[in-house]
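What follows is one structure encoded as structure tokens, with my remarks underneath.
Numbers here simply count residues along the sequence, with the first being 1. Side-chain atoms are counted along with the backbone in the values below, which use heavy atoms only and exclude waters and symmetry mates. Counting convention: from 1, in listed order, for ligands and their atoms alike.
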Amino acid sequence: MTDTTPSSDALGPLERTILDAVAAAGDEAALEAVRVAALGKKGSVSALLAQLGKMSPEERKTQGALINGVKERVTAALAERKSALKDAALSQRLAAERVDVTLPLRDPPAEQGRIHPISQVMDEITAIFADMGFSIAEGPDIETDYHNFTALNFPVGHPAREMHDTFFFNPKEDGSRLLLRTHTSPVQIRTMLSQKPPIRVVCPGRTYRCDSDQTHTPMFHQVEGLVIDTESHLGHLKWILEEFCKAFFEVKDVKMRFRPSFFPFTEPSMEVDIQCRRGKDEIRFGEGEDWLEILGCGMVHPNVLRNCGIDPDVYQGFAWGMGIDRIAMLKYGLPDLRAFFEADVRWLKHYGFRPLDFPTLAGGLSA
Ligand code: DAH
């Protein structure tokens with residue numbers, strides 16, 4: 001047995017090795033590994049203690065005192081190192097998570113973001129018409145020739161089709177071809193095909209024509225209006241448009257001029273100008289002697305009603321279509337249409353609207 005009994009000479013290096021490992025442990029996990037290797041069930045110090053039972057009483061007395069001395073010193077060193085590591089970890093965290101309360105506040109996203117003037121104007125338009133009892137209707141940007149032209153009473157080969165500078169897709173095998181809608185009027189057709197009168201809808205959305213200069217972009221925005229029931233007439237249309245213009249341009253009174261015009265889908269058809277005063281750099285509404293064209297309108301053509309399965313001897317109504325980009329430019333004094341689509345953050349910061357200032361008639365449209 002004596003050959004397995006550790007001597008004090010053997011204990012010295014073992015203790016030094018353990019204490020060195022304790023000192024070298026860089027974090028609590030490493031320190032725990034050192035503890036397990038020394039004092040764990042299969043640890044080196046535990047193995048020595050296990051041998052005490054096999055010794056003679058005298059041997060046990062001396063060796064027990066020696067081995068327990070090692071155990072105590074190792075335990076104390078582990079505890080000391082553990083608390084030192086804890087303190088170090090805490091100071092490191094405190095340093096890393098330090099907050100400089102004197103730094104200026106950064107604006108939250110709801111304060112930094114801006115609503116594009118087009119979106120703002122669409123929200124304003126829908127708020128005004130919703131207040132008059134209109135619903136919103138939408139249709140696809142990619143349309144069939146039928147919805148964009150034929151159902152709207154553009155006969156095949158009619159020159160009015162050519163005036164729309166249409167973007168066509170490649171023809172399908174059956175010869176039909178899809179297109180990018182050239183106006184929001186096809187949403188009239190989709191609405192009348194899917195709803196029974198009485199109908200009161202406005203349809204804002206994107207429209208496309210192959211046209212690009214200072215005042216035209218290939219993609220632009222329109223809003224369509226449609227009212228179908230048994231008695232709505234041009235007098236109602238005139239009142240609606242006047243109320244809309246007063247609310248939208250935020251003026252008390254506005255004069256409007258209805259000029260005869262032509263659209264295949266309305267009869268009679270009119271173009272509408274509103275009174276304005278043109279200054280050097282600005283334009284004012286509700287005053288002055290100048291006129292500015294803002295929309296097209298008319299009584300829905302009986303052929304269009306018939307194309308949608310609505311009996312023109314029973315039902316009648318009116319429609320209008322208006323360019324959104326243009327009235328946005330007019331209302332907010334935006335000089336260049338192309339800037340709308342350049343996605344320049346500086347421009348948007350200047351002309352955009354705060355996200356939480358949602359336009360309402362009660363709270364003020366653009367306040
Ligand atoms: N769709 C026409 C255009 O883009 C605008 C228009 C005119 C719409 C008269 C209508 C309307 O609903 O009745 O030029």
At less than 4.0 angstrom from any non-hydrogen atom of [X], what atoms of ligand 1 do you find?
X	result
Ser185	1 (N), 8 (C)
Thr266	13 (O)
Gly298	13 (O)
Trp320	8 (C), 10 (C), 11 (C), 12 (O), 13 (O)
Phe263	7 (C), 9 (C)
Gln222	3 (C), 4 (O)

- Please test His301 against Phe263 for ring pair (Phe, Tyr, Trp, His ring centres under 6.0 Å), starting from the C-alpha separation and ending with a verdict. CA-CA 9 Å; His301 198 291; Phe263 301 102; over 10 Å; no
- Note: Arg277-Glu289 ion pair, threshold 4.0 Å (strictly below): no
- Do Arg190 and Glu138 meet the salt-bridge criterion of a basic N to acidic O distance under 4.0 Å? no
Quick one: look up the protein heavy atom nearest [atom] and list residue, atom name and how far away it is.
atom	answer
atom 12 (O) of ligand 1	Glu224 OE2, 2.5 Å
atom 5 (C) of ligand 1	Gly321 CA, 4.1 Å
atom 2 (C) of ligand 1	Phe265 CZ, 3.8 Å
atom 3 (C) of ligand 1	Arg209 NH2, 3.7 Å

- Message: For the residue pair Asp145 / Ser176, report whether a side-chain donor-acceptor contact shorter than 3.5 Å exists.
- Response: no
- Query: Centres of the Trp239 and His233 rings: under 6.0 Å?
  - Reply: no
- Item | Aromatic ring proximity Phe244/Phe129, centre distance under 6.0 Å | yes
- N/O to N/O below 3.5 Å, does that happen between Ala319 and ligand 1? yes
- Message: Any nitrogen or oxygen of Gln188 lying under 3.5 Å from a nitrogen or oxygen in ligand 1? Just yes or no.
- Response: yes
- Task: Decide whether a cation-pi geometry holds between Lys331 and Phe249; the criteria are a distance under 6.0 Å from NZ or CZ to the six-membered ring centre and an angle within 45° of the ring axis.
- Result: no
- Sort out for me which residue in Pro186, Cys203, Pro204 forms a side chain to side chain contact (heavy atoms under 4.5 Å, CB included) with Glu224. Cys203
